[in-house]
Novice: 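Questions regarding the structure given below will be posed in turn.
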Amino acid sequence: MTAQIDKATKLPKSIKVIWRIKELIGLGITLIIAGVLEFIHFMTSGTASLWWQRSALILALLGVVVTIFTLILIEYRWNFWTYYIDDRQVELHNGYFFRKQIVIPIARVQNVTLKQGPILRWKALQKVIIVTAAGSDVIDGLQTAQADNLKVLIMTLAREAKNDI
Amino acid sequence: MISKPKHQHPLALIFALYEWGKVVTVPVIIVVAVSVRSLLITVLAALGLVLVTLIAGLIDYLMFSYQLTEDEIVIREGVFVKKVNHIPYDRIQNVVANQWFFLKPFHVESIEIETAGHADGPEVQLSAVPEQFKQTLAQLRQAAPTPAPDPTLAPTEAATTTAAEPLSEPKAKPEATYQITWHELLKFAFTSPAFLSGLLAILAVYGKMGNKVQEQIFDVLANSVAGLGLFVLISIILGVLILFYLGSAAILIARFYHFKVVRTADQFNLSSGLFKTRTTTIAMDRIQAVVIKQPLLRRLLKIATVKLVVISNSKKDSSDKDVIVMPVMMTTNLAQFMADFFPTVPAQPEMDYATAARTYFYDLRNAGLIFLVIAAGLGFGLYRWPIWLSLAVLLVALIWLVPAYLKARRSSVFVLNETYAYLSNNQFFTKNRYFVPKNKIQSLERQESIWLQPKGFAHLSLCCRSGEGARILKVKYLPAKAIDTVVAWYKC
């Protein structure tokens with residue numbers, strides 16, 4: 001497995017910005033929920049009201065701690081998120097503490113979907129979703145040209161290795 | 001061989017009327033219930049609805065036609081909304097024929113055709129067509145231009161695909177046949193854990209009822225039981241259980257009555273049933289995996305069930321949609337059966353490799369931690385009733401720790417030959433042994449953690465198709481060496 005990691009390609013560096021933004025958006029949503037809980041505390045009274053405040057506090061604290069951790073770990077996440085393609089299969093590797101290696105033979109690929117939201121478009125990245133007959137796997141983001149090439153490559157190879165469903 | 005659009009056999013009317021009958025039953029009941037005052041109106045309304053059923057059924061029958069063309073089957077139906085369904089022969093996954101006993105004298109049967117589409121049921125449902133229909137369909141399917149053979153197919157499978165092309169060759173020659181005996185059928189029916197799921201289904205229905213209804217039922221039960229002694233109560237519970245057990249056994253006997261499986265060069269034909277004879281045809285190359293299943297009781301009796309994992313649009317739960325090819329067989333005869341019916345699948349090695357002590361450690365540790373949490377919770381809630389507490393803890397231990405032990409003991413994965421891999425795992429108390437061809441594994445996932453890696457252990461998931469979705473065959477905490485062999489096999 002280590003041998004392949006050497007050959008494997010990392011995602012573009014700008015994906016780290018995307019991940020960070022996503023984490024912050026997640027934190028923002030958590031804080032809004034905490035704010036709503038705090039508002040309920042503000043509007044009500046009694047012992048139950050105190051619990052609303054406590055849960056708001058716990059939620060906000062948890063959100064901040066988890067986000068700080070994931071933000072610190074994003075460098076690692078990028079370092080250990082790699083993909084590798086040859087004429088037989090697509091391989092995705094990710095994770096440091098929990099390592100995952102996914103092998104998808106190109107002959108089993110049904111279609112490739114490219115997806116781009118506003119944040120990805122801002123960084124000129126595209127999400128690549130590789131779909132098989134039994135599920136799909138995602139490459140979080142590649143540069144637009146790179147993603148297009150990948151799609152063409154996979155689909156050309158897939159046509160060569162045509163399979164029956 | 002190409003036919004014009006045809007109506008079904010007039011007996012199809014029975015099924016159409018039955019379907020419409022179901023639709024109008026509720027209105028009929030409402031009409032009868034509401035207009036109790038005037039007998040005349042009640043009778044007229046009921047008659048009107050019966051008439052509606054008759055006319056609607058007749059129209060349904062008349063507007064439905066089927067046609068077999070050179071490369072597809074065409075179904076036309078509908079009065080206001082016309083529906084034309086085209087199903088190319090090479091997209092057909094399974095063909096199922098059902099013959100109710102009252103259809104038999106007319107040599108007519110019902111046909112269901114399934115594709116890999118995500119429909120709510122079979123793509124094509126013909127309720128009454130002549131028995132020859134299936135034969136004709138099979139011939140047309142063979143004659144239909146097949147897509148270019150898959151270069152990734154194993155040599156043996158590619159050989160059968162190409163061999164199928166010359167039509168003149170007699171293809172339907174049976175190469176292996178098996179017919180269930182009474183003894184085996186009884187063994188199958190009485191060792192089935194199906195009655196438990198029947199009980200669970202009833203409990204689930206009870207759980208879904210509103211609180212009010214639940215209370216009422218409970219009160220009625222409690223009142224009628226209150227006068228009885230403990231002994232009588234236990235006898236009643238036992239009686240109900242036995243009734244369920246016998247009932248489910250009877251259903252299984254009716255379903256698998258005269259079970260017969262025939263393998264020809266490229267397909268399986270399965271047939272069984274007492275009141276309704278069900279014949280299933282499955283092409284060899286549509287089979288995603290072969291699985292040998294042994295629930296606890298059957299494991300103790302040294303008998304096993306062989307099933308096929310297939311693509312279908314069955315809505316049933318994960319393993320129920322697997323097709324049974326061998327209801328029950330002594331494990332000693334399994335090797336012979338596999339050799340006869342799955343000649344391309346290599347014989348299973350005598351012994352699975354011995355489980356590493358660490359595998360036991362990991363599985364029992366994980367289950368043990370959860371067990372401790374649950375036990376602590378139970379202790380917190382039940383500490384005043386030590387007898388109930390110990391019973392509850394014992395029960396939780398039984399359903400948590402024993403499966404964990406079995407999981408460690410039964411998990412294994414290895415390569416059998418170029419085409420096939422073998423994976424065994426545990427599902428609650430059931431042992432599953434899968435034989436999976438490489439080209440049916442859609443993707444593979446290998447997992448390890450920074451803590452497992454130095455010890456040389458990892459997890460493996462094989463992602464296959466089953467029913468209308470995916471089935472993930474997973475083994476955890478196996479030596480990384482064993483798993484890497486499979487990964488390397490899959491990659492080349």
Side-chain angles (χ1 to χ4, degrees), chain A residues 1-8 69 73 76-77 79-113 128-139 154 156-165, chain B residues 88 90-93 115-118 146-153 157-158 161 283 285-286 288-289 309 311 438-453 458-473 480-481 483-484 486-492:
Chain A
M1 185 180 163
T2 26
Q4 258 125 32
I5 281 182
D6 299 337
K7 278 190 281 175
F69 257 99
L73 288 175
Y76 287 98
R77 184 163 155 198
N79 220 0
F80 291 96
W81 215 128
T82 58
Y83 66 94
Y84 166 73
I85 294 172
D86 63 20
D87 55 355
R88 293 194 63 89
Q89 57 246 327
V90 185
E91 264 192 67
L92 313 176
H93 313 107
N94 66 60
Y96 175 68
F97 295 107
F98 297 96
R99 286 170 197 179
K100 232 188 227 182
Q101 175 193 14
I102 298 169
V103 183
I104 310 157
I106 284 179
R108 301 279 89 80
V109 174
Q110 296 289 325
N111 58 288
V112 176
T113 307
V128 182
I129 305 166
I130 301 162
V131 184
T132 66
S136 62
D137 291 288
V138 179
I139 302 178
I154 294 179
T156 319
L157 290 170
R159 256 196 302 280
E160 280 167 19
K162 188 175 161 22
N163 70 107
D164 61 335
I165 302 173
Chain B
D90 64 327
R91 285 290 173 249
I92 293 175
Q93 293 284 345
T115 68
H118 287 227
T146 43
D150 185 346
T152 57
L153 272 181
E157 280 179 81
T161 330
D285 57 345
R286 305 289 182 189
Q288 306 295 306
V309 179
I311 304 172
K438 191 198 278 183
N439 65 335
K440 300 296 183 202
I441 304 174
Q442 303 294 329
S443 68
L444 168 151
E445 189 174 316
R446 177 197 194 276
Q447 286 170 301
E448 67 180 3
S449 69
I450 191 169
W451 303 280
L452 277 182
Q453 199 199 14
H459 314 312
L460 184 75
S461 310
L462 306 178
C463 199
C464 300
R465 301 186 72 186
S466 152
E468 58 170 29
R471 164 124 21 134
I472 305 204
L473 312 179
K481 252 190 219 163
I483 282 175
D484 287 335
V486 178
V487 176
W489 163 82
Y490 187 59
K491 278 161 66 168
C492 69

Novice: Determine whether Lys491(B) and Arg88(A) make a side-chain contact, defined as any pair of heavy atoms from C-beta on separated by less than 4.5 Å.
Specialist: no
Novice: Can you tell which of Ile441(B), Leu444(B), Asn439(B) makes a side chain to side chain contact (heavy atoms under 4.5 Å, CB included) with Arg108(A)?
Specialist: Asn439(B)
Novice: Quick one: CD on Gln101(A) to CD on Gln447(B), what's the gap to the nearest 0.5 Å?
Specialist: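 It comes to 11.0 Å.
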Novice: For each of Ile104(A), Ile130(A), Ile102(A), tally heavy-atom pairs with chain B at distances under 4.5 Å, and name the one with the top tally.
Specialist: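 Of the candidates given, the most pairs with chain B belong to Ile102(A).
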Novice: Distance from Asp137(A) atom CG to Cys463(B) atom SG, nearest 0.5 Å?
Specialist: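 Those atoms lie 8.0 Å apart.
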Novice: Locate the shortest heavy-atom distance separating Trp451(B) from Phe98(A); write the atom from each residue and the value.
Specialist: CZ3-CZ, 3.8 Å
Novice: Measuring heavy-atom distances to chain A, does Ile472(B) have an atom under 4.5 Å in its side chain, in its backbone, in both, or in neither?
Specialist: neither
Novice: Supply the atom-to-atom distance Gln89(A) CD to Cys492(B) SG, rounded to the nearest 0.5 angstrom.
Specialist: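 The distance works out to 8.5 Å.
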Novice: At their closest point, which heavy atom of Pro105(A) faces which heavy atom of Ser443(B), and how far apart are they?
Specialist: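 Closest approach of Pro105(A) to Ser443(B): CD-CA, 4.5 Å.
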